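One structure is given below, encoded as structure tokens.
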Amino acid sequence: MVMINVAEVADLYQVRVLVTDMPPFMQVHAFRCARRTFDSLDKFSPRQIAFNMKKDFDKVYGPAWHCIVGSSFGSFVTHATGCFLYFTMEKLYILVFKTKVNKNVNISH
């Protein structure tokens, strides 16, 4: 089993974790996705970073992921256990979290 040193990986991607209950491998995935998107943009776009992270996490870990990216925002969210990460990168704050998806149940009236 390979142990991930999240602090070392955070330094590598130049991010700082503020609050998390996410497993290390998912944190590393978030750092990599945020950094890759940020570095690939010709013009800075917090919306594009949020979109790419949400899309990537939905694809890899299933729905329903949410991502908020900006230099100043407030939030109060309910999240699935083990699926919350709030970190900084390049003077940005990035919040990634998953909510539980309830299947539609046909209810007769």
Side-chain angles (χ1 to χ4, degrees):
M1 180 176 183
V2 176
M3 295 299 292
I4 298 172
N5 185 327
V6 176
E8 284 180 11
V9 177
D11 283 346
L12 177 69
Y13 287 106
Q14 297 173 307
V15 302
R16 185 169 58 93
V17 174
L18 300 172
V19 181
T20 189
D21 77 344
M22 190 178 277
F25 72 93
M26 288 173 82
Q27 290 180 54
V28 169
H29 184 167
F31 304 158
R32 185 178 299 124
C33 186
R35 175 55 65 192
R36 183 179 58 236
T37 302
F38 182 87
D39 290 348
S40 73
L41 295 174
D42 290 331
K43 185 176 177 219
F44 172 70
S45 169
R47 185 176 182 173
Q48 191 63 51
I49 295 168
F51 175 80
N52 284 5
M53 291 188 69
K54 187 246 187 301
K55 190 172 79 172
D56 201 42
F57 269 63
D58 276 348
K59 186 173 110 185
V60 175
Y61 305 111
W65 286 88
H66 310 275
C67 185
I68 302 167
V69 178
S71 56
S72 175
F73 63 86
S75 68
F76 187 88
V77 302
T78 300
H79 64 90
T81 303
C83 297
F84 181 91
L85 175 61
Y86 182 47
F87 67 103
T88 64
M89 179 186 81
E90 303 288 343
K91 298 182 183 173
L92 287 174
Y93 292 87
I94 301 171
L95 174 60
V96 184
F97 63 98
K98 183 177 186 174
T99 54
K100 290 185 179 175
V101 178
N102 293 328
K103 302 226 186 260
N104 261 347
V105 178
N106 253 343
I107 300 174
S108 333
H109 294 295

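As the structure is a prediction and not an experimental result, all values here were calculated from the model.
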Side-chain heavy-atom pair Thr99, Thr78 within 4.5 angstrom cut-off: no
Within one Ile-Leu-Val-Met-Phe-Trp-Tyr cluster: Trp65 and Val15, side-chain cutoff 4.5 Å: yes
Non-hydrogen atoms of Cys67 and Ile94 that approach each other most closely: SG-CG2, 4.1 Å
Criterion side-chain contact (heavy atoms from CB on, under 4.5 Å) on Leu18 and Phe87, from CA distance to verdict: CA-CA 5 Å; Leu18 300 172; Phe87 67 103; 5.5 Å; no
Results of salt bridge (Lys or Arg N to Asp or Glu O under 4.0 Å) for Lys54 - residues two or more places apart only: Asp58
Shortest non-hydrogen contact from Val9 toward Val28: CG1-CG2, 3.7 Å
With Val6 via side chain to side chain contact (heavy atoms under 4.5 Å, CB included) - residues at least two apart: Ile4, Pro24, Gln27, Phe31
Verify same cluster id: Phe38, Tyr86 (apolar side-chain graph, 4.5 Å): no
Closest non-hydrogen atom pair between Ser75 and Leu95, with its separation: OG-CD2, 3.4 Å
Nearest-0.5 Å distance, NZ of residue Lys100 to NE2 of residue His79: 10.5 Å
Distance, nearest 0.5 Å, that separates CD of Gln14 from OG1 of Thr88: 11.0 Å
Transitive ILVMFWY side-chain link Leu92 to Phe51, under 4.5 Å: no
Point-to-point distance, once rounded to the nearest 0.5 Å, from CG of Leu12 to CG of Asn5: 11.5 Å
In one Ile/Leu/Val/Met/Phe/Trp/Tyr side-chain cluster, 4.5 Å: Phe97, Val19: yes
Met53 versus Ala34, closest heavy-atom pair with distance: SD-CB, 3.7 Å
Parallel, tilted or perpendicular: rings of His29 and Tyr61 (30°, 60°): tilted
Crowding at CZ, Arg36 (>12 non-hydrogen neighbours, <6.0 Å): yes
side-chain contact (heavy atoms from CB on, under 4.5 Å) assessment of Ile68 paired with Tyr93: CA-CA 8 Å; Ile68 302 167; Tyr93 292 87; over 6 Å; no
Hydrophobic cluster identity match, Met26 and Phe84, side-chain contacts under 4.5 Å: no
Contact summary for Thr37 and Gln48, nearest pair of heavy atoms: CG2-O, 4.0 Å
Distance in Å, His66 NE2 paired with Lys98 NZ, rounded so as to fall on 0.5 Å steps: 10.0 Å
